[in-house]
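Working notes, structure below.
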Amino acid sequence: MKNYLTSLFAETAQKLSYLKEIQITFDRPKVETHGDVSSNAAMLLTKMLKKNPREIANEIIAGLNIDSTIISKVEIAGPGFINFFFQPVFLIEKIKNILDEQDAFGKSKKHAGKRANVEFVSANPTGPLTVGHGRNAVCGDTIANLLEWTGYEVDREYYFNNAGRQMRVLGDSVRLRYLELLGDVIEFPEDYYQGDYIKSIAESLKSEFGDSLRNESAEGKFKEKAEKEIFLDIEKTLQRLKINHKNFFNENSLYEEKKIESLLKTFADKNLSYEKEGAIWLKLSELGNQQDKVIVKSTGEPTYRLPDVAYHITKFERNYDLMVDLFGSDHNATYPDVMAALQALGYDSSKVKVLIHQFVTITQNGEIVKMSTRKANYVTLDELTDEVGADVVRYFFNMRNISTHMNFDLALAKKHSDENPVFYLQYAHARICSIIRTIENENLTASTDHLDLLIADEEQKLIRKLHQFEEEVLLAAEYFEPNRIATYLEELAASFHKFYTFCRILGTEKNLAEARIALALATKIVIKNGLSILGVSAPERM
RNA sequence: GCGCCCAUAGCUCAAUUGGAUAGAGCAACAGCCUUCUAAGCUGUAGGUUAGUGGUUCGAGUCCACUUGGGCGUACCA
């Protein structure tokens, strides 16, 4: 509908040249009595033309070449909105498109030929993924799906660091638990990793090597084994949620391939860094940021900023058109440094889109549970998936805008899992599947020959909702907002449930019944496609 | 102290990125199954969009200040 109007207005702009001066946008009014599509063009022009908006609207309408077989009515409303009402005949064409395109309906070629990198999860292998990581994992994967639906070729990437202090502590935690298993009396420091998974890693080392690791260093077999096992667990956890990364990028490779070294040299050559008190500093204050930051400590060890910049440079070198980073809000202070550095080095940092999601607050019996991998007082993503299932987990994290703080009462989530809206969507899909099973025995079939019979209020609303899907996918991808799809699907399912209640198929005249089946089938396709973007299954029976 | 983010119905969240009368679900109340799945549908009730001011044809949305919360503010990642 909007595409049609856009070309209609472009044609009119040949006559009314002032239309070229403004960015004409079309909105879908909230209230249906305001039509299918509305334009605020007249109001935007009031200042420029110094005329009453309604007067301008009249002029625009007079200039439009309106085909009354497509548009049934144009009106001026309120302060100067131009509202367009479309003919039902025009709308029903969409049902045919949906039935033709099936699984591909909603996909666009908008960004065909472009490549995107989505970096998400990126948790270091120090322990199981927590519910907090779950939000990152699910949103990242869904954003990747959305980009694919708009034509991007997407690489899902996981960046990790298996060196440094936290990994030494991890290795030593395993070493101590191992010695404990051998019967030694150990003192386990409070700031070591307390979780039971450390013990089970120690156990598997013991059964593999007996007591031969008694004099092994923390950074040897212990760290190695811990990293391997934990990574296996992380991948398994993610796979349960249908998340598969293509690339696992090890920070260490940046050192091995001398990327860090050469970046340091580049900073020095470009006069972007300096030495002070034995450390190397980056001149971030000259690049518009708050203050200079250390990139190499006086001990000679780099801080995270240096490899982060080097890492992003590899993304540029890998020729991505779009690079998405998804972080928790604890990273909100770090990325401006990386961006500024990239820009100073001549990279187009606008190709990097940093998304910050707010934390998930877990409450248990009304008390906020503070989570820390060290202290092992977290709730794991696996436990959550065990409890409510993968579909509910994915839907739950996808249904809210990432910028909002999420509150999550564990007890309540377990008890009321039936009330999760995901079931409402899946139920609509299962109902349609049930209809299909039934009509097979009734000598009925889906037909698009008499779609013009679909004039009931519930039918028309459902058809209009179906029209919206392609646009919602584009918008959700453009704004990186998976929750838009969830919201849309809830509205679509609501429209369907109403249609189902009031527009019966059995016992209705054959042509109408078969048109209704076609509408139901189209709805099934759109629900399924929407759910597949969210990574949620579409069951045939419930 | 400073920086980023957040505040919408009793609860959890929407609101087409500045549009017309702020909408759903849950919880509460009243109804609807002898025909396609009642995990559904219909109705009632629930709001000074945290507060104050500003910007304009028009503000939940933008700006300023205030209040309350989250995350940072390291030669940790």
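Convention: sequence-line order gives letters A, B, ...; per-chain numbering from 1. In this text the structure is predicted, and so the values were computed from the model without any measurement.
- Across all strands, A:H34 comes closer than 4.0 Å to base atoms (heavy-atom distances).
- No donor-acceptor contact under 3.5 angstrom links the side chains of A:D325 and A:Y159, judged on distance only.
- Comparing atom distances between the A:M542 side chain and each of B:A77, B:A15, B:A39 picks out B:A39 as nearest.
- Protein atom CD1 of A:I527 is 13 Å distant from nucleotide atom P of B:G40, rounded to whole Å.
- Rounded to a whole angstrom, the distance from the C1' atom of B:G31 to that of B:A38 is 13 Å.
- In this structure, A:L44 places its CG atom 12 Å from P of B:G18, rounding to the nearest Å.
- Under the 90° criterion around 0 for the glycosidic angle, B:U35 counts as anti.
- Separation of the C1' atoms belonging to B:U67 and B:G51 is 7 Å when rounded to the nearest angstrom.
- Candidate nucleotides B:A14, B:A77, B:G40 were compared by shortest atom distance to the side chain of A:T487, and B:A14 ranks first.
- In textbook terms, a nucleotide whose glycosidic angle is within 90° of 0 is syn, and B:C33 is one such case.
- Taking atom P on both nucleotides, B:A59 is separated from B:A20 by 10 Å, rounded to a whole Å.
- Taking side-chain N and O atoms only, A:K297 has a distance below 4.0 Å to OP1 or OP2 of B:C76.
- Using atom C1' as the reference point in both B:G60 and B:A22, the two lie 7 Å apart (nearest Å).
- Within 6.0 Å of atom NZ in A:K283, more than 12 heavy atoms from other residues, nucleotides or ligands are found, so the atom counts as buried in its surroundings.
- Checking B:A20, B:C36, B:C71 against the side-chain heavy atoms of A:D330 singles out B:C71 as nearest.
- In this structure, A:H331 does not pack face-to-face on the six-membered ring of B:G72, missing the 5.5 Å centre cutoff or the 30° plane limit.
- When distances run from any side-chain atom of A:S329 to the nucleotides B:C71, B:U17, B:G40, the shortest one goes to B:C71.
- A donor atom on one side chain and an acceptor atom on the other are not found under 3.5 Å apart for A:D36 and A:H467.
- Taking atom P in both B:G19 and B:U37, one finds a spacing of 42 Å when rounded to whole Å.
- Note on A:K293: nothing from the nucleic acid sits closer than 4.0 angstrom, heavy atoms only.
- The nucleotide whose nearest atom lies closest to any side-chain atom of A:R431 is, among B:U37, B:A14, B:G19, B:U37.
- Between the P atoms of B:U61 and B:U16, the separation comes to 12 Å (whole Å).
- In terms of the side chain to side chain contact (heavy atoms under 4.5 Å, CB included) criterion, residue partners of A:E490 (sequence neighbours excluded) are, by chain and number, A:Y395, A:P421, A:L425.
- As judged by a 4.0 angstrom heavy-atom cut-off over every strand, A:N332 is placed among the base-contacting residues.
- For A:K498, there are no salt bridge (charged side-chain N to carboxylate O under 4.0 Å, His left out) partners two or more places apart in sequence or in a different chain.
- The same atom, C1', is picked in B:G25 and in B:C62; the two are 30 Å apart, to the nearest Å.
- The residue A:S298 sits close to a base: some heavy atom pair falls under 4.0 Å.
- Pair assignment for B:A20 gives none, since no Watson-Crick or G-U wobble pairing has each distance under 3.5 Å.
- When heavy atoms are screened at a 4.0 angstrom cut-off, A:E481 is found touching base atoms of the nucleic acid.
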